[in-house]
Amino acid sequence: MAEDKTPEGPAFRLPDPAIVTRTMAEVAERGQRIVTDFLKRQSDSATTPDPLNIGGAFLEMTTRLMANPAQLVQAQLGFWQDYLTLWQNTARRMLGDEARPVIAEDPRDRRFKDEAWRENEVFDFIKQSYLLSARYFQTVVGGVEGLDQKTAQKVDFYTRQFVDAMSPSNFLLTNPEVLRRTAETGGENLLKGLSHLLADLERGKGKLRIRMTDDSKFRVGENIAVTPGKVVYQNDLMQLIQYAPTTQAVLKRPLVIFPPWINKFYILDLRPKNSFVRWAVEQGHTVFVVSWVNPDAHLAEKGFDDYIREGVFAALDAIEQATGEKQVNAIGYCLGGTLLATTLAHMAVKRDTRIKSATYFVTMTDFEEAGELGVFIDEEQLKGLEEKMQQRGYLEGAEMATTFNMLRANDLIWSFVVNNYLMGQEPFPFDLLYWNDDSTRMPARMHSFYLRRMYQQNDLVKKPGQAGAIELLGTKIDLRKIKVPSYLISTREDHIAPWKSTYRATQLYAGPVRFVLAASGHIAGIVNPPDSGKYSHWVNEQLPPDPEEWFRGATELAGSWWPDWHRWVTALGKETVPARVPGEGGLPALEDAPGNYVKVMATD
């Protein structure tokens with residue numbers, strides 16, 4: 001008689017009744033508080049039925065699609081033909097035969113990394129059905145003719161958001177990993193996930209604010225942002241940090257870094273092993289970093305010109321007091337780079353030569369092709385945003401963070417929905433994601449100016465005399481007057497500052513320009529220390545107008561771009577002086593780095 005065999009896989013066990021009872025009681029109590037708080041907040045603020053202005057774009061797309069039904073019918077026929085083949089292949093697999101997939105997932109797509117998506121016929125069918133549907137939606141939307149570029153971009157973006165949200169990996173009954181986990185734990189993973197969901201709603205005061213990392217494991221100034229230094233100057237907008245030397249001699253010309261105030265500066269000083277600040281100090285630079293304030297309603301009227309005056313100019317004055325040096329090398333990261341370029345254009349008119357070289361990390365100055373962030377910049381959305389900012393005096397940090405997360409929804413939203421809520425697991429402690437969640441506010445006047453004049457109207461590249469040309473601090477801005485040597489580092493997979501857009505600056509500046517392209521994205525491609533052995537970079541001495549032509553002629557080099565930048569900047573001035581100790585120059589130390597400004601959170 002044949003011996004009974006137990007099917008492979010984890011045995012399902014029932015959940016602990018005590019845990020279920022306790023969790024449900026907790027849900028009832030916390031849920032009531034969350035709903036009450038959310039409703040109160042909704043009554044205090046005006047809402048619109050379509051704040052992202054999506055409806056009009058999709059209405060126009062549908063109208064044009066219906067005007068050419070043959071195109072839709074052709075796409076549908078192709079979809080159903082592929083679907084029929086998938087049914088046939090799945091039936092063959094269930095009978096024990098081999099069958100090639102009708103459509104395969106991208107090997108880099110971590111949603112389908114579990115082997116069950118390939119080995120199990122049912123889950124393979126679910127996966128391929130989803131991939132076929134996703135391709136159909138995007139083919140139909142992408143093939144609509146007659147849409148203007150902005151509308152087409154918006155329709156494509158939000159179609160992908162919908163497609164990503166409907167992935168079978170995001171649902172309990174169609175995710176093999178979640179089903180396996182549920183069987184193993186008797187459903188306790190779902191109870192834990194429900195508790196995590198409630199906690200995230202509480203963090204967002206009624207709005208979902210997904211926890212990406214175990215933030216209890218990080219403390220700014222204790223285990224991140226720990227490079228030794230002192231705050232030597234501060235005003236309403238920023239603190240200036242001078243870092244302690246690690247070499248006996250340092251380069252005579254100090255280095256000052258202007259990070260974006262959309263995020264906090266310590267992305268360049270996360271941990272000793274990946275800190276650009278620490279590495280630059282070790283190369284013999286006297287490093288200063290601007291730590292921007294996390295603004296509240298009191299700074300609502302601070303504008304872009306204030307960031308020039310109280311940011312760049314105040315830092316240059318303070319550095320001269322601290323070191324006796326008038327001239328510096330400057331770095332601007334993202335929006336900090338836009339600020340740096342704008343300031344240099346102002347200084348060119350005033351014949352102010354204190355900045356001798358400019359390095360731009362993933363910086364846009366020409367916003368003609370601003371990438372997917374442009375989806376959020378139209379008149380209707382800007383008006384709604386300005387109404388909110390007028391009420392509060394600033395843009396909420398969480399709102400900006402959500403926008404950036406949507407650019408990589410699978411990695412920065414849905415993966416955490418699955419891990420935290422369906423798998424019931426705690427998020428992994430990751431310094432980069434802690435920084436990403438440590439959002440900052442935007443002063444109302446500054447942010448409105450930045451979005452309208454630069455993103456929407458692209459006024460920064462206009463010449464004085466042209467309609468809409470920018471004037472700041474009483475000076476007409478012209479980027480073509482910038483003659484200082486410029487180093488532009490961009491990243492190939494950047495969703496925030498697309499490299500082909502940042503490349504446009506090579507055709508603007510009048511001085512010598514070096515453009516380098518790094519692998520990876522907006523953060524990982526920049527924070528890439530030489531010892532990591534990670535992402536490569538491309539160089540090309542020629543700067544043709546077409547970025548694709550530049551790339552075709554570029555040479556790929558292994559490893560970090562940091563040493564290339566260091567060779568470039570030191571070639572502009574190799575003279576050295578005895579090391580400078582923060583607080584022992586012309587400015588006294590106010591407090592230890594990283595200072596207090598960076599520790600103020602948007603939720604405070």
Side-chain angles (χ1 to χ4, degrees), residues 148-154 156-157 160 258-260 262-263 304 331-342 344-345 358-378 382 400 403-404 406-408 447 449-463 468-470 477-480 482 486-510 513-526 535 537-540 542-554 561:
D148 66 84
Q149 183 180 355
K150 291 285 188 183
T151 302
Q153 186 181 40
K154 179 174 288 190
D156 176 70
F157 179 80
R160 281 186 284 115
F258 300 102
I262 287 176
N263 300 105
F304 211 86
I331 293 176
Y333 196 153
C334 190
L335 176 53
T338 308
L339 175 72
L340 176 59
T342 307
L344 281 167
T359 299
Y360 302 94
F361 291 179
V362 288
T363 294
M364 285 199 298
T365 49
D366 186 331
F367 292 79
E368 180 67 27
E369 297 177 6
E372 291 186 332
L373 276 178
V375 167
F376 302 94
I377 312 296
D378 58 36
L382 286 178
M400 180 65 72
T403 298
F404 287 134
M406 287 177 69
L407 300 180
R408 293 176 52 212
H447 202 54
F449 177 89
Y450 176 55
L451 294 181
R452 283 194 175 277
R453 301 297 303 278
M454 297 183 186
Y455 263 100
Q456 186 187 35
Q457 298 167 202
N458 199 22
D459 288 341
L460 189 56
V461 297
K462 294 177 180 176
K463 297 179 181 179
I470 287 178
I477 301 300
D478 186 355
L479 300 182
R480 296 158 188 83
I482 298 174
S486 299
Y487 186 103
L488 282 63
I489 173 69
S490 298
T491 56
R492 195 176 181 188
E493 298 170 24
D494 199 327
H495 292 78
I496 296 172
W499 79 267
K500 293 178 185 177
S501 292
T502 64
Y503 182 84
R504 286 170 171 255
T506 64
Q507 310 301 305
L508 284 173
Y509 304 144
V513 175
R514 180 171 179 79
F515 184 87
V516 177
L517 183 66
S520 195
H522 194 75
I523 302 300
I526 297 298
Y535 313 111
H537 61 284
W538 288 263
V539 297
N540 184 352
Q542 303 302 313
L543 297 173
D546 180 13
E548 286 289 357
E549 183 181 345
W550 178 92
F551 188 74
R552 286 193 295 270
W561 57 270

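Counting begins at 1 with the first residue of the sequence.
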S.K.: Side chains of Phe449 and Ile470, heavy atoms from C-beta outward: is any pair under 4.5 Å?
M.R.: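 In contact.
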S.K.: Could you label the plane-to-plane angle of the Phe376 and Phe157 rings as parallel, tilted or perpendicular, counting under 30° as parallel and over 60° as perpendicular?
M.R.: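 Rings of Phe376 and Phe157: perpendicular, as their planes differ by over 60°.
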S.K.: Report the C-alpha separation of Thr363 and Thr502 in whole Å, then their side-chain angles, then the decisive distance to 0.1 Å, and conclude whether the side chain to side chain contact (heavy atoms under 4.5 Å, CB included) test is met.
M.R.: CA-CA 6 Å; Thr363 294; Thr502 64; 5.6 Å; no
S.K.: Under 3.5 Å, is there a donor-acceptor pair between the side chain of Thr506 and the main chain of Arg504?
M.R.: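 No, because the side chain of Thr506 does not come within donor-acceptor range (under 3.5 Å) of the backbone of Arg504.
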S.K.: Please give me the minimum heavy-atom distance between Tyr455 and Ala370, naming the atom from each residue.
M.R.: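 Result for this residue pair: CE2-CB, 3.6 Å.
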S.K.: Within the side chain of Asp366, is there an N or O that forms a donor-acceptor pair under 3.5 Å with the backbone of Ala505?
M.R.: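 Not a single qualifying donor-acceptor pair exists.
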S.K.: Between Leu460 and Ile477, what is the shortest heavy-atom contact and its length?
M.R.: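 Result for this residue pair: CD1-CG2, 4.0 Å.
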S.K.: If you take all heavy atoms of Pro544 and Tyr503, which pair is closest and at what distance?
M.R.: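 Scanning both residues completely, I find the closest heavy atoms to be O-OH, 2.5 Å.
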S.K.: Using the six-membered ring wherever Trp is involved, compare the ring planes of Trp561 and Phe361 and label them parallel, tilted or perpendicular (cut-offs 30° and 60°).
M.R.: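 Judged by the thresholds at 30° and 60°, the geometry between Trp561 and Phe361 is perpendicular.
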S.K.: How long is the straight-line distance from CG of Asn458 back to CD of Glu368, given to the nearest 0.5 Å?
M.R.: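 Spacing of CD (Glu368) from CG (Asn458) equals 5.5 Å.
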S.K.: Using the side chain to side chain contact (heavy atoms under 4.5 Å, CB included) rule, take Leu517 and Trp550 through it: C-alpha gap first, then chi angles, then the decisive distance, then the call.
M.R.: CA-CA 10 Å; Leu517 183 66; Trp550 178 92; 3.8 Å; yes
S.K.: The test is side chain to side chain contact (heavy atoms under 4.5 Å, CB included); show your working for Leu335 and Met454 and say whether it passes.
M.R.: CA-CA 11 Å; Leu335 176 53; Met454 297 183 186; 5.8 Å; no
S.K.: How far apart are the closest heavy atoms of Gly525 and Ala518, and which atoms are they?
M.R.: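 Heavy atoms of Gly525 and Ala518 come nearest at O-CB, 3.7 Å.
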S.K.: Should Tyr487 and Val516 count as side-chain neighbours, where that means a heavy-atom distance under 4.5 Å?
M.R.: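 Heavy-atom side-chain distance check passes, below 4.5 Å.
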S.K.: Once rounded to the nearest 0.5 Å, what's the spacing between atom CD1 of Ile523 and atom CG of Asn263?
M.R.: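 Answer for the CD1-CG pair, Ile523 versus Asn263, is 6.5 Å.
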S.K.: State whether Asp148 and Lys150 are salt-bridged, where the test is any N-O pair (Lys NZ or Arg NE/NH1/NH2 against Asp/Glu carboxylate O) under 4.0 Å.
M.R.: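 Looking at Lys150 together with Asp148, the answer is no, because their closest N to O distance does not fall below 4.0 Å.
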S.K.: Return the minimal non-hydrogen interatomic distance between Thr491 and Ser520, and the atom names on each side.
M.R.: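 That closest heavy-atom pairing would be CB-O, 3.4 Å.
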S.K.: Just say parallel, tilted or perpendicular for the rings of Phe551 and Trp538, cut-offs at 30° and 60°.
M.R.: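 It falls in the tilted class, 30° to 60°.
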S.K.: I'd like to check Val513 versus Ser486 (side-chain heavy atoms, cut-off strictly below 4.5 Å). Are they in contact?
M.R.: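 Yes, close enough: below the 4.5 Å cut-off.
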S.K.: Would you call Asn540 and Glu549 a side-chain contact if the rule is heavy atoms closer than 4.5 Å?
M.R.: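 A side-chain contact under 4.5 Å is absent here.
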S.K.: Side chain of Glu548, backbone of Lys500: donor and acceptor closer than 3.5 Å?
M.R.: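 No: the side chain of Glu548 does not pair with the backbone of Lys500.
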S.K.: Between Arg480 and Val461, is there a donor-acceptor pair closer than 3.5 Å when you use the side chain of the first and the backbone of the second?
M.R.: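 Checking the backbone N and O of Val461 against the side chain of Arg480, a donor-acceptor pair under 3.5 Å is found.
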S.K.: Specify whether Tyr509 and Tyr360 have parallel, tilted or perpendicular ring planes, treating 30° as the upper limit for parallel and 60° as the lower limit for perpendicular.
M.R.: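 Ring orientation of Tyr509 relative to Tyr360: parallel.
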S.K.: Keeping Gln153 on the side-chain end and Gly371 on the backbone end, is there a donor-acceptor pair under 3.5 Å?
M.R.: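 Confirmed, Gln153 side chain pairs with Gly371 backbone.
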S.K.: Go through the steps to decide whether Arg514 and Val539 satisfy the test side chain to side chain contact (heavy atoms under 4.5 Å, CB included), and finish with yes or no.
M.R.: CA-CA 8 Å; Arg514 180 171 179 79; Val539 297; 3.6 Å; yes
S.K.: Any donor and acceptor pair, going by atom type alone, linking the side chain of Thr338 with main-chain N or O of Met364 inside 3.5 Å?
M.R.: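 Side chain of Thr338 to backbone of Met364: a pair is present.
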S.K.: Should the pair His447 and Tyr450 be assigned to parallel (<30°), tilted (30 to 60°) or perpendicular (>60°) ring geometry?
M.R.: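 His447 vs Tyr450 ring planes: tilted.
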S.K.: What is the minimum heavy-atom distance between Trp499 and Ser490, and which atoms define it?
M.R.: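 That closest heavy-atom pairing would be CB-CB, 3.9 Å.
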